[in-house]
Student: 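Let me begin by handing over the structure; questions about it come next.
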Amino acid sequence: MTEETHSVPRTRTHNCGELRPSDVGADVVLMGWVHRIRDLGGLTFLDVRDRHGLTQVVARDGSAVLARIKQVRPEYVIGVAGPVERRSEETLNPKIATGEVEVEARALVVLSEARTPPFQIDEETPVSEEVRLRYRYLDLRRARMRENIGLRHRITMAVRNSLDADGFWEIETPLLTKSTPEGARDYLVPSRLHAGEFYALPQSPQIFKQILMVSGMDRYFQIVKCFRDEDLRADRQPEFTQIDVEMSFVDEEAVFAAVERLMQAVFHVLGKEVPAPFPRLTYDEAMTRYGSDKPDLRFAMPIQDVSGVFREGRFKVFRELVARGGSVRALVVPGAGRQSRAQIDNLVDEALALGAKGMVWVRQSPEGAIQSSILKAAGEEALAQVVETVGAGRDDLTLIAAGQGYEASVLLGQFRLRLAEREGLIDENRTSLSWVVDFPLMDWSETEQRLVSMHHPFTSPRPEDLDRLEDDPAAVRARAYDLVLNGNEIGGGSIRIHRAELQARIFRLLKISDEEAQARFGFFLDALQYGTPPHGGIALGLDRIVALVAGEPSIRDVMAFPKTSAAVDLMAGSPSSVDRRQLRELHLE
RNA sequence: CGGGUCGUAGUUCAGUUGGUUAGAACGCCGGCCUGUCACGCCGGAGGUCGCGAGUUCGAGUCUCGUCGGCCCCGCCA
């Protein structure tokens with residue numbers, strides 16, 4: 001038999017996703033995982049799978065490999081050799097790229113056997129995330145994860161190419177470094193050579209990238225792991241990847257332009273064009289109109305000020321609040337006015353659950369009569385005026401809240417998001433990229449009883465606010481900006497302080513003593529004194545960007561080996577205890 | 001640390017008011033099958049109901065504790 005003279009060479013000629021009708025007749029060698037076996041008795045089909053796709057292999061009656069193929073099980077790694085054949089018209093499979101052809105197995109070798117996997121490697125079988133994480137190597141074989149990881153690679157390459165084209169150099173910075181001031185809790189690494197001393201893993205390469213500007217590197221980027229020892233969320237992992245960028249001799253405009261080109265390159269990977277420049281709004285506008293510093297601008301629904309209606313009105317609660325400098329704000333929810341009274345009351349309960357003191361609503365009956373939870377107390381006239389001011393239609397529901405500062409807007413901002421989602425007002429196909437600018441420089445921390453940097457302590461104040469730094473620090477705006485994608489913060493940066501005197505002044509305000517500043521980052525303050533170019537930059541969250549464009553709910557789904565919400569690696573079993581000998585070497589016992 | 005939710009076969013789930021021998025689907029094992037492609041048909045094996053106490057004549061079901069997954073608050077420059 002000629003078949004028995006066949007054997008399988010050591011290397012493949014094609015991958016499992018590339019055979020086409022033009023290959024018909026060629027003798028090929030495929031290698032991959034057994035995806036599925038369809039044993040029809042005297043005829044057996046087998047799908048062999050690799051990263052590139054799926055190819056059908058057929059073994060016919062009388063073939064020498066038919067007996068052998070029956071020994072094969074799912075997830076075995078095999079090699080198959082044989083001719084490519086065109087499938088007959090009725091047996092084409094349009095669902096796979098190689099579906100017009102199949103390979104007739106003349107030889108088959110089992111390269112390695114596989115235990116029965118704990119779950120099926122397909123897209124149909126649901127698997128809990130816990131099991132997926134424990135057997136991540138199997139989960140990564142599934143199309144969803146394979147596509148996410150591939151997308152991440154293509155985005156990463158697009159980022160590198162875009163920044164390279166703009167003259168950036170990719171430069172590595174240390175992972176064993178020194179604790180940065182302020183910010184998140186550090187991961188610490190004990191030093192063996194220096195008893196009682198520790199390295200810190202970087203929360204970001206902030207100081208190093210600024211020093212690279214002092215060094216004259218001009219434009220730097222790095223796709224780099226960062227570490228923060230804080231509690232986890234769907235969009236937060238203890239180690240995550242930043243696209244870290246810094247530029248010399250620039251203002252905000254140059255940073256925005258570079259990042260806009262970069263984001264266009266990212267979306268180009270998906271075949272999407274995004275218009276630039278991206279819209280900008282100030283922190284104050286964002287907070288006032290959307291109740292968030294990362295507003296989702298895929299839909300409108302701005303929060304409006306109706307303080308004027310209540311300033312002189314009958315409704316005492318609002319009148320007095322406005323008199324004390326507060327504001328009354330309103331959110332129109334299109335189409336929500338026809339909900340039942342009970343549903344609307346539920347919204348008020350929801351507001352109370354969010355910690356609000358209260359929330360008021362107004363709507364019109366189908367006949368146009370004003371209905372409201374404060375109809376008697378505020379009077380029909382005032383409420384009609386609200387409806388007119390905000391431009392609410394017959395079917396709309398208007399929610400009203402009052403408070404000091406951004407309090408009312410923040411509450412309504414949460415309903416803006418929740419209700420837009422519930423009412424289906426968000427166009428999932430839209431892409432909204434925007435800049436939020438003019439963040440406050442500092443914020444009062446109740447827990448620490450001192451001013452803290454809102455961004456980080458190297459952020460430059462806006463020059464026109466400099467004279468207010470000491471008298472009214474809360475009013476000082478920073479040259480800081482965030483990049484927002486569909487209501488998610490995907491990056492933040494600033495123009496930095498490049499003069500040592502101003503940096504020292506900021507530290508005084510932050511109650512960071514000279515001694516402390518010297519001890520923790522004296523090297524950086526020294527560097528600033530040797531000729532520092534004006535500079536600024538940004539850090540973008542690569543995991544978040546990929547998750548958002550992949551439509552995944554969690555950044556875990558775009559990371560090969562993520563940790564659980566308790567910061568545990570279920571596959572590797574970390575963290576774990578270590579030998580006492582290791583502890584002794586590290587002077588930890 | 002706090003709030004919510006889930007934990008039953010390898011996997012995903014069902015399991016009534018606390019009551020006989022805890023079920024289904026997929027997977028797995030065996031058999032049949034020459035054009036399947038989530039093949040089909042027949043048969044079979046498979047359970048520490050997360051763990052530990054408690055209430056009860058009797059607990060998958062109720063109570064308490066504990067462990068783990070997920071979401072959220074705080075936290076995250």
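A, B, ... follow the sequence lines: proteins, then strands. Residue 1 opens every chain. For clarity, every value in this text was computed on a predicted model and none was experimentally measured.
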Student: Name the closest nucleotide to the A:T116 side chain, picking from B:G69, B:C29, B:C28.
Tutor: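 For the A:T116 side chain, the nearest candidate turns out to be B:C28.
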Student: Polar-atom pairs under 3.5 Å, protein N or O versus N or O of nucleotides 74-76 of chain B: list them with distances, or write none.
Tutor:
residue : atom : partner : partner atom : Å
B:G74   : N7   : A:R233  : NH2          : 3.0
B:G74   : O6   : A:D231  : OD2          : 3.4
B:G74   : O6   : A:R233  : NH1          : 3.2
B:G74   : O6   : A:R233  : NH2          : 3.2
B:G74   : N1   : A:D231  : OD2          : 2.5
B:G74   : N2   : A:D231  : OD2          : 3.2
B:C75   : O2'  : A:E230  : OE1          : 2.5
B:C75   : O2   : A:R236  : NH2          : 3.0
B:C75   : N3   : A:R236  : NH1          : 3.1
B:C75   : N3   : A:R236  : NH2          : 3.0
B:C75   : N4   : A:R236  : NH1          : 3.3
B:C76   : O2   : A:R236  : NE           : 3.3
B:C76   : O2   : A:R236  : NH1          : 2.9
B:C76   : N3   : A:R236  : NH1          : 3.3

Student: Indicate the ring-plane relationship of A:F507 and A:F458, choosing parallel, tilted or perpendicular according to the 30° and 60° boundaries.
Tutor: perpendicular
Student: Does A:R60 put a side-chain nitrogen or oxygen below 4.0 Å from OP1 or OP2 of B:G35?
Tutor: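 Checking B:G35 against A:R60, no side-chain N or O comes under 4.0 Å of OP1 or OP2.
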Student: For B:G69, does the base pair up with any side-chain atom of A:R132 as donor and acceptor (N or O, under 3.5 Å, distance only)?
Tutor: no
Student: Taking OP1 and OP2 of B:G40, is either one under 4.0 Å from a side-chain nitrogen or oxygen of A:R38?
Tutor: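 Indeed not, no polar side-chain atom of A:R38 lies that close.
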Student: Can you say whether the rings of A:W435 and A:Y481 are parallel (under 30°), tilted (30 to 60°) or perpendicular (over 60°)?
Tutor: perpendicular
Student: Does anything in residues 238-247 of chain A come within less than 4.0 Å of RNA chain B? Heavy atoms only, and list the residues if so.
Tutor: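 Nothing qualifies; none.
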Student: Heavy atoms from C-beta onward define the side chain here; which of B:A38, B:C71, B:G35 lies closest to that of A:R87?
Tutor: B:G35
Student: A:P74 has a side chain; which of B:C28, B:U12, B:C26 sits nearest to it?
Tutor: B:C28
Student: Out of B:G69, B:C33, B:C71, which has the shortest distance to the side chain of A:D39?
Tutor: B:C33
Student: A:L66 has an atom CG; how far is it from atom C1' of B:U36, in whole Å?
Tutor: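 Result: 14 Å.
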Student: Check this for me: does the side-chain of A:E102 come within 3.5 Å of the base of B:G35 through a donor and an acceptor?
Tutor: yes
Student: Please determine, for the side chain of A:T564, which listed nucleotide (B:G10, B:A38, B:C70) has the closest atom?
Tutor: B:C70
Student: Taking the side chain as every heavy atom from C-beta outward, state whether A:T55 and A:H14 have any pair of such atoms under 4.5 Å apart.
Tutor: no
Student: Flag as yes if A:F45 stacks onto the base of B:U36 (centroids under 5.5 Å, planes under 30°), otherwise no.
Tutor: yes
Student: Starting the side chain at C-beta, find the nucleotide from B:G69, B:G35, B:C71 nearest to A:T91.
Tutor: B:G35
Student: A:H35 and A:I121: which non-hydrogen atoms are nearest, and at how many Å?
Tutor: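 Closest approach of A:H35 to A:I121: CE1-O, 3.0 Å.
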Student: In whole angstroms, how far is the C1' atom of B:G10 from the CD1 atom of A:I121?
Tutor: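 Going from A:I121 (CD1) to B:G10 (C1'), I get 12 Å.
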Student: Rounded to the nearest 0.5 Å, what's the gap from CG on A:D229 to OH on A:Y187? Could you check?
Tutor: 4.0 Å
